[in-house]
Amino acid sequence: ELPAGRHTVAIDTERYLDAMVEVELEGLGRLQKLVPELTPAWAEVSIASEPVGAEVRVGGEVRGKTPLTLELMAGSHRLELRLDGFKPWVSDVQVQANEPLTLGPVRLGLPDGRLVVRSSPAGANVTVGGAYRGRTPLEIEVRPDVQQAVAVLREGYEPARRDLSVASGGREVVEFALVPILGEVTVRATPADAQLFVDGVARGAAGQTLQLPATAHVLEVRKPGYVTHRATVTPRPGLPQNLEVTLREGAAQEPAAAAVAAA
């Protein structure tokens, strides 16, 4: 019972948009009926896939299999289609209230293949089809049943390449034994019985000629009772280099300033 005059009626219910209705009451105890048409806050979403029978998940909840028609509330929903033997299809779907939406048919793709790339030595850059994918050792997903060039590149070594394809759902392992690009470095030291270390690895007496990959190396000349001498050398193919070292007496653990090898 309301007094005569204009009134605003607000209607709030689940699954429908809120409604505001203006009514004019005549009064005098007369009965008036208000039958507003509420607008759904949801919409029908029809989903189809190729092949059919894919499991449909909305927000992680299984809702059925394709072809399928759902009622989804307005807003954004994470939709997934899953079928054994095929790649999952995942998409964010925007649903507008009371506006039917048709998705598909979504063509489900075959699962990727897995490619394992190893190299000796490790740490080589890997490209697949010309795109950088990381460093060895590496395991990645690749497009299935497509011939692609797998290339590895490491400073100081010859580039290596192999063309291959990986079956859908398969796993292929490819290994590269990298060939070093060598340069010559001759080390002479005083005292003559000083020891030579290359990148921390003992190589024997300091007086010797080395064939090293053409990348930066840390050479150390050590002898108890003398200051360790350390130098960074980058060998150059066809360009021999000489390193002359005279150790100073002192604490062995204190390296002298780094020196550059002389050509």
Side-chain angles (χ1 to χ4, degrees), residues 114-140 142 147-164 166 171-263:
R114 295 198 67 81
L115 176 64
V116 180
V117 184
R118 300 173 183 148
S119 70
S120 177
N125 294 321
V126 179
T127 62
V128 178
Y132 176 75
R133 300 299 299 273
R135 291 187 174 184
T136 58
L138 179 70
E139 182 167 351
I140 54 176
V142 296
Q147 192 83 356
Q148 299 184 83
V150 180
V152 295
L153 179 65
R154 193 179 194 274
E155 186 181 8
Y157 293 83
E158 296 282 356
R161 167 180 164 153
R162 195 172 302 173
D163 294 331
L164 53 84
V166 183
R171 186 174 184 268
E172 185 81 15
V173 178
V174 58
E175 299 191 14
F176 294 89
L178 300 181
V179 178
I181 303 172
L182 300 177
E184 182 178 295
V185 178
T186 298
V187 181
R188 298 184 180 89
T190 303
D193 60 348
Q195 297 297 299
L196 176 64
F197 290 77
V198 179
D199 299 325
V201 178
R203 299 294 292 267
Q208 59 177 294
T209 297
L210 304 169
Q211 298 292 330
L212 298 174
T215 185
H217 299 276
V218 176
L219 274 59
E220 293 178 281
V221 179
R222 308 178 188 174
K223 180 177 171 60
Y226 290 81
V227 176
T228 296
H229 183 93
R230 180 179 297 134
T232 300
V233 177
T234 301
R236 302 299 182 193
L239 184 63
Q241 299 182 64
N242 297 315
L243 180 64
E244 302 281 350
V245 176
T246 300
L247 297 183
R248 296 186 291 107
E249 293 187 5
Q253 68 273 18
E254 297 177 1
V260 178

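The side-chain contact (heavy atoms from CB on, under 4.5 Å) check on Val201 picks up nothing, with sequence neighbours excluded. Taking Glu175 as the reference, Arg118 meet the side-chain hydrogen bond (donor to acceptor under 3.5 Å, both in side chains) condition, with sequence neighbours excluded. Taking Arg154 as the reference, Pro121, Ala124, Tyr157, Leu178 meet the side-chain contact (heavy atoms from CB on, under 4.5 Å) condition, with sequence neighbours excluded. With sequence neighbours excluded, the residues forming a side-chain contact (heavy atoms from CB on, under 4.5 Å) with Ile181 are Glu158, Ala214, Pro237, listed by chain and number. Applying the side-chain hydrogen bond (donor to acceptor under 3.5 Å, both in side chains) rule to Arg162 yields no partners; only residues at least two apart in sequence or on another chain are considered. The salt bridge (Lys or Arg N to Asp or Glu O under 4.0 Å) check on Arg236 picks up nothing, with sequence neighbours excluded. Listed by chain and residue number, nothing satisfies the side-chain hydrogen bond (donor to acceptor under 3.5 Å, both in side chains) test with Arg203 (two or more places apart in sequence, or in another chain). For Pro191, the side-chain contact (heavy atoms from CB on, under 4.5 Å) partners two or more places apart in sequence, or in a different chain, are Asp193, Lys223, Tyr226, Leu247. The salt bridge (Lys or Arg N to Asp or Glu O under 4.0 Å) search around Glu172 returns none, not counting sequence neighbours. Annotation: side-chain hydrogen bond (donor to acceptor under 3.5 Å, both in side chains) contacts of Ser120 (sequence neighbours excluded): none.
Put simply, the residue from Leu212, Leu210, Thr232 that forms a side-chain contact (heavy atoms from CB on, under 4.5 Å) with His217 is Leu212.
Between the side chain of Thr234 and the backbone N or O of Thr215, no donor-acceptor pair lies under 3.5 Å. Listed for the Glu155 side chain is no donor-acceptor partner under 3.5 Å among the backbone atoms of Pro213.
Contacts classified as side-chain hydrogen bond (donor to acceptor under 3.5 Å, both in side chains) and involving residues 122-134 (residues at least two apart or in different chains) are given here: Asn125-Arg135. Contacts classified as side-chain hydrogen bond (donor to acceptor under 3.5 Å, both in side chains) and involving residues 182-192 (residues at least two apart or in different chains) are given here: Glu184-Gln211, Thr186-Thr209, Arg188-Glu244.
The nearest pair of heavy atoms linking Pro159 to Leu153 is CG-CD1, 3.8 Å. Closest of all the heavy-atom pairs between Gly204 and Gln208 is C-NE2, 3.9 Å. Closest approach of Ala205 to Leu196, counting heavy atoms only: O-CB, 4.1 Å. Taking every heavy atom of both residues into account, Val221 and Ala206 meet most closely at CG1-CB, 4.1 Å. Nearest heavy atom pair, residue Arg171 against residue Val166, reads N-CG1, 4.4 Å. Shown here for Pro235 and Val185, the closest heavy-atom pair between the two residues is CG-CG2, 3.9 Å.
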Report task. In sequence, state the C-alpha distance, the side-chain angles, and the governing distance for Phe197 and Val218, and then conclude on side-chain contact (heavy atoms from CB on, under 4.5 Å). Result -> CA-CA 8 Å; Phe197 290 77; Val218 176; over 6 Å; no
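Side chains of Leu115 and Leu164 form a contact here, defined as non-hydrogen atoms less than 4.5 Å apart.
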